[in-house]
Structure formats: structure tokens, C-alpha cells
Engineer: 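My structure is below; once you've seen it, I'll send some questions.
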There are 2 protein chains.
Amino acid sequence: MKKLSYTIKDIAVELGLSHSTVSRALNNHPHISQQTKDRVKELVEKSDYRHNAVAASLRNSKSKMVGLLVPRISMYFQSTVITAIQNKLHEHGYNLMVCQSNDSPEIEKELVNELFSSRIAGLIVSTTLYTTDFSHFDIFQRANIPLVFYDRVPKSHPAHKVLGDDYQGGYLSTKHLLEQGCRHIAHISGPLTCSIYRHRYAGYQDALAEFDVPLDPALVHFQELSKENAIKASEAVFALPVRPDGVFAGNDTTAIGVMQHAKQLGIAIPSQLKIVGYSNDPRAEIIEPSITSVEQFPYEMGEQAAILMLDLIMDKISPGRNLISLTTPIELVKRQSSCLQV
Amino acid sequence: MKKLSYTIKDIAVELGLSHSTVSRALNNHPHISQQTKDRVKELVEKSDYRHNAVAASLRNSKSKMVGLLVPRISMYFQSTVITAIQNKLHEHGYNLMVCQSNDSPEIEKELVNELFSSRIAGLIVSTTLYTTDFSHFDIFQRANIPLVFYDRVPKSHPAHKVLGDDYQGGYLSTKHLLEQGCRHIAHISGPLTCSIYRHRYAGYQDALAEFDVPLDPALVHFQELSKENAIKASEAVFALPVRPDGVFAGNDTTAIGVMQHAKQLGIAIPSQLKIVGYSNDPRAEIIEPSITSVEQFPYEMGEQAAILMLDLIMDKISPGRNLISLTTPIELVKRQSSCLQV
DNA sequence: GCTTTCTTTGCAAACGTGTGCATGCGTGAT
DNA sequence: ATCACGCATGCACACGTTTGCAAAGAAAGC
């Protein structure tokens, strides 16, 4: 009980065996007698010996760790996805190494290399808002290590993807506002370098076109979705000669910011202004009036990404050229902010 | 460009050097000529070689990975702490392996062993609600691997700790309600197996005593802090012959549940009932009326835990005897739910 | 009793990196 | 010419585990 670390050699000498026998006993190798296995496992149980995953990983060139690279851990959507991924991986004996890029492409690139250094079994990624060059991820594909993108995915980069139906989210939100009578719908969303915002914008455009409502560039804002930016954009659109009667926001933080600003201006919601947010943040149903939002089912999305990753690791998927792209459905949750009657 | 993994040997033969020279060149060893270092680094730059942290970790018995074990990732408090820890560790070249126990002591024990298996440089833990036996953590101390608990910490187990001032939080919350005139203050909180709830309860008791208000056992509920449980406890206390005029809730989810239930009963807030929550969840300031809550500064707490961990790893602060216990202050954020005037 | 077969175990190499020690080379002093 | 010395590099082993192969012993068939 005085050593700092114990190895299979220690228990081998203790039992008068070779370390190979101990290794095989612990791995339930069929050529080892039951008696020996029992002796080994009994001693291991009551000792401070713990399997050294580092040594095993080196020897096998196999790892039980999956990397996860996200822009920010503490956003509601992301932390729920992480929860799901962690639970699902743990079910299958895998661990998770979590890194955050803080939406900086430089940090992202650095972390990709660090994660590769750790010889992880696979990498799951949601990119930064500004990642347009995806070549730093290619090392994983060249090394034949599974790589799965989710939510924020590369534009035209060949890779496995799990994504929400952002086009449909944008389309349904805008259509809903149009059906509620809105004709001047502002769109305050994130930078178009990012896949999800491009798709939502496309849905917004198509819905407008369907209702023969012309797109007014003055009503469209794209920037990082902070509360401050939300208020700035809000000030801009409410200063226009024709005030908007609807807002489709890129997330719920923005929707909340717009709503609070509108309240200050004395604009009645939903009668004078209707608002739709995105992601169905817990705050959306708590605020008054409650905010209509697009549910993305982040837990299910995380599970899908994890399952896809596990399948890729286990080689259950033909390793050839077939790239998998899963789209998880969204659901428009209608609340008071956009409907006179709910 | 056809191999799957490259090693220092590959670039050694490419340059006509030995792998030891390459290793030393990459580590900036002083005995290697600048010319050789440049040649090595140039080739490494343009190749697919990446340092193998697994092999280095085995050779050095040193790791650049810190483990984090939390009950649930996606709670606001925890995900903020994780964000802080990850950022701080990354500043110093360390990575983070995140596991969640889902508040199950069995899973926690299992994960502690898995984390040890990965030969992490240190472990940061917030325990489950029900962990009363902490012996599964001892292996880290016996192996001289830094171990830091935060928030939910062991009762009388010798270990480094970073904790919020839960006693003060409980005391100030209750005192505030008393000062606002409440005399029948319900306390709906988490299981007393968990340190933080014990401390908050002690603060609650002391504040009551200070105002000569007797503790009414019927007003005190301890269970897992879900919304469902909040409503159940709420129903119980509002069915009492003397209705409570104040509620000190163990978290904001509970405070929200109580508030919504009270609204349904037609109880006016804050005039007939005053409510204080805990953790200052983003929802607390958004709901109407906004909820008074205890800010725990989770980002600062995470940073402190990470800094302490890094100090332990680097300085090897004599890990046996001097146990460090840091208490981060709290702040009562007064809002409409508890004050007639704000 | 001898050979074959099966069961159980040990030996030694390998994974990729880091490092103590030895080695070789060039320079300058004696 | 010899020696000492500093500099740059190579050799070989170690970290702890897994695994192909060999081997020893027992059981079984002739």
C-alpha cells in the first residue's frame, strides 16, 4: 500500500504468475483457467490496481474516448446536446472529452489538433459561427477516424452530418407570422457564414415569396446573437418609417431582447407585434407573453450524433464513400407572442 | 500520404536522423542545433504527423487531461462552471474530460474508476445528491493525484474544496423574507444528504431563531428539486391551516413551480406571498414577477476550482496535510417576488 | 509406452515517445 | 601530435499493456 501506481506485473508477482496471464485473465481470455481468473480478479478487487487505459490505448491503437468540439458549452441547446451525447457514449463504454472554441476559428483549429493528439476514437463537432475553411478537420478523415458534424455543419465539405431542419424552421416560422397577418416581418439572425442561419434565411425568403410579400433588406439583420445586438437591431427596425409587425429572431435571447425593447416602446404584443424565436429555450415559455419558438429536440439530436459516431467506430457502417446526413425534424411551438388566441 | 498514422520515426528516416533527435528537436532540447530544429519543424508542419499524447503520457507518467465529474451537465449552474473550468484549463494547455453521474452514486463510483483508468492529471468533482460514502475517491489521494471538490462536497472527508457560501445564502434569504414581514416561511429544498442543502437549511434555521420565529416542520420539505416535486410540496404547504407567507426555495426551478402554483390559487405575489429562489437562473429575472434569487457566481467558482487544480498539478502543494477550502461569496439579488418596492 | 491433442501458461515483441549515457566530431590549448 | 572539451547526435531502454508463438503438462487414443 505504499506504491503510487500498480501494474499487472505487481499482481503477477504477488500470485506467482506472468503478467501476460494476468492480462488475459482480466480480459476473460478463453485459454485461462477459471481458477486463475478467479484468483486474479479477487486480488485485483481488493488492491489499488486499476487498468491503465493509456498503455492499452497505445498498444492497441484504439481509444475509448470521443472528442466533442462545441462553440460554447453553456448555451441551452449545446449543453443539452452534450448531456445526450455523454449519456449515450457512456452506455457503450466510451468517454467524452469536451472542448469549446468560444466561436473563435483559431482556437477551433488548435483544439482539433490537440484532440487528434489525444488519439481519440472519433470527433463530434459543431463549428464556430465563422468557420469557412474546414481543412483542419481533414486530418481525421485521412487518418480514417470518424468525424461527425452536427447543427453547425460545413457548407460543401464532404462529411457525416446530423442537422436540424433549419430551412423548415425558417419557413414555418415565417409562414406562421404571415398567416397571423404580418406583412412587415423583420429577420434578426446570426451571421450567414454559419449554415443554420443561411438555411433559416432561405426558409424566410421562400415563405415571403409564397405570400407575395417583397423582401425588405432594411428588415434583415445578421450579427452575433447577443442581447446587446438584439436591442441594437431592434432599435434599427423600429425606427423605420413603416414599423415591422412581426419579428423572426435567430434565437430566443434575441426574441426576448426584441420583446423587452418593444415593451419599452409601448408596442403591444401580440396585437401590434408578433414574435417568433428559435431553439425553445426554457425562458421562452416562462416570459410573459410566452414566446413562440422552434423546438429543435436537442437531446434527440445529440443522441443521433452519438449513435452515428458509435456506428462509425464499430465499423457497422460501410466505410466507403457513402456520407450520411441525418436531418432531425423541428416543431413550431405556438405561444402567446404570435397568436391572439392560444 | 498513404499511411494512417505518422510517428517521429517516419520523419526521422525522411530526414536521415534518429527518432531521438526528432523528439528532442520538437521539444526544443538545447543540445540540438538550430538548423536541425528548423529542418524537423518545417517537415512536421507540412506533414500529417501529430504528436502522440498517448505515448508521451505513458512514457512520462504525466497527462495533460483533467477529469470533471458532475451530476448533470445541462443545469445552468453546472454548465457555467464547466465553461469556466474548460477555458481556464485550456489557457494552461490542459484538456477536460467531462462525465456526468446523473445523480446516481453507482454511476459516480464507476466513472471515478474509469477516470482513474485514463490516468488523468487531476479530478474535479461535484457529487451526486445522495453520495454519503466517499471512499471511492480515495484512490486518487493514495496515488497522489490532485482531487478537488466543488459545490457539492463531502461532509467530513479530508479533501480540497471550493464551495459557495450556502449557509450565508440560506441565512440572508430567510432574513430578507423575515425583514419583509414574513412569519410563516416554507423551505422547499433538496435532500439533506447533500452538503449545500444542509448548509442552506442551517442558515434558514438560524435566521428564524434570530427573529424568534419557531421552526414549523410542516413547512419544510426536502426532495429532488424537479418542477413536479415543487408543485407537490407547494400543494402540501398551501393546504395547511395557516398558509405560508414566504417561500425559500432550493433552486429557481422550484421557485418558479411554487410561483406558478400560487398564481393558480389566486395568491398575489409579493403582497400575499414572497418567494426567494437559488442560483439566479436566467429565468429568474425574466419571469413576472421577477424572482429574488441567490447569485452563486458559478463562472468565478469554476475558475477558482480550475486554478486550484492547476496549482496542485504544477506546484504539488503537499497533498496530504494542508487541505485547502475556498469559499466563494454569494449575493442576494432582490427582485419583485419578495419586495413590494424594487 | 508413445504419440497426438488439448489446456494452460510464459516469453518476447510491439505500440510511440522521452531520456541517460555513450559516441563522434571539431576546435583550441599545450 | 596529443589531450581536453563542448557540441550534436545516436543507441538502447523504459513506460504498461496486449498478443502471436512456443512450450509444458495433462489427458486421451493407439
Side-chain angles (χ1 to χ4, degrees), chain A residues 3-41 43-44 47-65 113-114 116-121 143 145, chain B residues 3-41 43-44 47-65 113-114 116-121 143 145:
Chain A
K3 286 188 62 168
L4 284 180
S5 78
Y6 292 84
T7 75
I8 48 173
K9 285 185 188 174
D10 293 316
I11 51 175
V13 300
E14 186 93 350
L15 294 175
L17 291 169
S18 75
H19 72 277
S20 357
T21 304
V22 174
S23 170
R24 277 189 262 252
L26 290 173
N27 291 324
N28 266 320
H29 193 285
H31 285 180
I32 302 295
S33 70
Q34 193 56 47
Q35 192 203 354
T36 306
K37 286 181 186 173
D38 291 344
R39 284 214 304 151
V40 169
K41 287 176 182 170
L43 179 56
V44 163
S47 80
D48 267 2
Y49 168 81
R50 295 294 132 94
H51 180 251
N52 188 328
V54 176
S57 177
L58 176 61
R59 162 67 220 226
N60 297 332
S61 309
K62 277 200 180 71
S63 162
K64 283 294 197 179
M65 185 133 56
N113 285 322
E114 281 182 28
F116 190 94
S117 258
S118 299
R119 295 302 188 269
I120 51 179
I145 297 173
Chain B
K3 285 188 65 170
L4 283 180
S5 77
Y6 293 85
T7 74
I8 48 174
K9 285 186 188 173
D10 293 317
I11 50 176
V13 301
E14 187 92 57
L15 295 175
L17 291 170
S18 77
H19 76 277
S20 353
T21 303
V22 174
S23 171
R24 278 189 260 253
L26 289 173
N27 290 325
N28 267 319
H29 192 285
H31 286 181
I32 302 295
S33 70
Q34 193 56 48
Q35 191 202 354
T36 306
K37 286 181 184 172
D38 291 343
R39 285 212 306 150
V40 169
K41 286 177 182 172
L43 178 56
V44 162
S47 79
D48 267 3
Y49 169 78
R50 296 294 131 94
H51 179 251
N52 188 329
V54 176
S57 176
L58 176 60
R59 162 66 223 230
N60 299 331
S61 309
K62 276 199 180 70
S63 163
K64 283 294 197 179
M65 185 132 57
N113 284 321
E114 282 182 29
F116 190 94
S117 256
S118 299
R119 295 301 188 268
I120 51 180
I145 297 173

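These numbers come from the heavy atoms of this one structure, side chains and all, not from hydrogens, waters or symmetry mates. Letters A, B, ... are given to chains in the order of the sequence lines, protein chains preceding strands, and every chain is numbered from 1.
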Engineer: Hey, what do you get for CD1 (B:Ile145) to CD1 (B:Ile120), rounding to the nearest 0.5 Å?
Structural biologist: 7.0 Å

Engineer: Would you mind reading off the distance between A:Lys9 atom NZ and D:dC15 atom P, rounded to a whole angstrom?
Structural biologist: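 After rounding, the reported distance stands at 6 Å.
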
Engineer: So which atom in B:His51 and which in A:Ser117 form the shortest heavy-atom distance, rounded to 0.1 Å?
Structural biologist: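 Here B:His51 and A:Ser117 meet closest at O-OG, 2.8 Å.
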
Engineer: Decide yes or no for A:Arg119 and B:Arg50: does some side-chain heavy atom of the first lie under 4.5 Å from some side-chain heavy atom of the second?
Structural biologist: yes

Engineer: Within a strict 4.5 Å, meaning less than it, do heavy atoms of the B:Val44 and B:Ile11 side chains meet?
Structural biologist: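 SC-SC contact between B:Val44 and B:Ile11 confirmed.
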
Engineer: State whether A:Tyr6 places a side-chain N or O below 4.0 Å from either non-bridging phosphate oxygen (OP1 or OP2) of D:dC15.
Structural biologist: no

Engineer: Check residues 53-63 of chain B and write down every donor-acceptor pair under 3.5 Å in which the side-chain atom is one partner and the other belongs to a residue at least two apart or another chain.
Structural biologist:
residue	atom	partner	partner atom	Å
B:Ser57	OG	B:Lys62	O	3.1
B:Asn60	ND2	B:Ala56	O	3.2
B:Ser63	OG	B:Met65	N	2.9

Engineer: For B:Lys41, enumerate each residue passing the side chain to side chain donor-acceptor pair (under 3.5 Å) test, keeping only those at least two apart in sequence or located in another chain.
Structural biologist: B:Asn28

Engineer: For the residue pair B:Ser23 and B:Ile8, what are the closest heavy atoms and their distance?
Structural biologist: CB-CD1, 4.0 Å

Engineer: Under 4.0 Å between a side-chain N or O of B:Asn52 and OP1 or OP2 of C:dC15?
Structural biologist: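 Indeed not, no polar side-chain atom of B:Asn52 lies that close.
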
Engineer: May I have the distance from A:Arg119 (atom CZ) to C:dG16 (atom C1'), rounded to whole angstrom?
Structural biologist: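 To the nearest whole Å, that distance equals 9 Å.
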
Engineer: Pairs in or reaching into residues 7-32 of chain B: which pass salt bridge (charged side-chain N to carboxylate O under 4.0 Å, His left out), with residues at least two apart or in two chains?
Structural biologist: B:Lys3-B:Asp10

Engineer: What protein N or O atoms touch nucleotides 4-10 of chain D N or O atoms at under 3.5 angstrom, if any, and at what distances?
Structural biologist:
residue	atom	partner	partner atom	Å
D:dT9	OP1	B:Thr36	OG1	2.6
D:dT9	OP2	B:Ser33	N	3.2
D:dT9	OP2	B:Ser33	OG	3.3
D:dT9	OP2	B:Thr36	OG1	3.1
D:dG10	OP1	B:Ser18	N	3.4
D:dG10	OP2	B:Ser18	N	2.9
D:dG10	OP2	B:Ser18	OG	3.0
D:dG10	OP2	B:Thr21	OG1	2.3
D:dG10	O6	B:Arg24	NH2	2.6

Engineer: Measure all distances between protein nitrogen or oxygen atoms and nitrogen or oxygen atoms of nucleotides 23-25 of chain C, and list the pairs falling under 3.5 Å.
Structural biologist:
none

Engineer: Can you see if the side chain of A:Ser23 gets near the phosphate of D:dT18 - specifically, an N or O under 4.0 Å from OP1 or OP2?
Structural biologist: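 So the side-chain polar atoms of A:Ser23 do come within 4.0 Å of the phosphate oxygens OP1 or OP2 of D:dT18, strictly under.
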
Engineer: Distance check needed: C:dG16 P versus B:Asp10 CG, whole Å only.
Structural biologist: 8 Å

Engineer: Between P on D:dC11 and CD1 on B:Ile8, what's the gap in Å once rounded to a whole number?
Structural biologist: 13 Å

Engineer: Does anything in residues 54-62 of chain A reach DNA chain C, meaning a heavy atom under 4.0 Å, and if so which residues?
Structural biologist: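 Residues of residues 54-62 of chain A that come under 4.0 Å of DNA chain C are, in numerical order, A:Leu58, A:Arg59.
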
Engineer: To the nearest 0.5 Å, what is the distance between NE2 (B:His31) and OG1 (B:Thr21)?
Structural biologist: 12.5 Å

Engineer: Let me know the distance between CG of B:Asn27 and C1' of C:dG20, rounded to the nearest Å.
Structural biologist: 16 Å

Engineer: What is the distance, to the nearest angstrom, from the CG atom on A:Asn28 to the P atom on D:dT18?
Structural biologist: 12 Å

Engineer: Any side-chain heavy atom of A:Leu26 within less than 4.5 Å of one from A:Tyr49?
Structural biologist: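 Yes. Closest side-chain heavy atoms under 4.5 Å.
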
Engineer: In whole Å, what is the span from the CG atom of B:Leu26 to the C1' atom of C:dG18?
Structural biologist: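 To the nearest whole Å, that distance equals 12 Å.
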
Engineer: Would you say the side chain of B:Leu15 lies within less than 4.5 Å of the side chain of B:Val40, judging by non-hydrogen atoms?
Structural biologist: yes

Engineer: Figure out the CD/C1' separation between A:Gln35 and C:dT9, and round it to whole Å.
Structural biologist: 13 Å

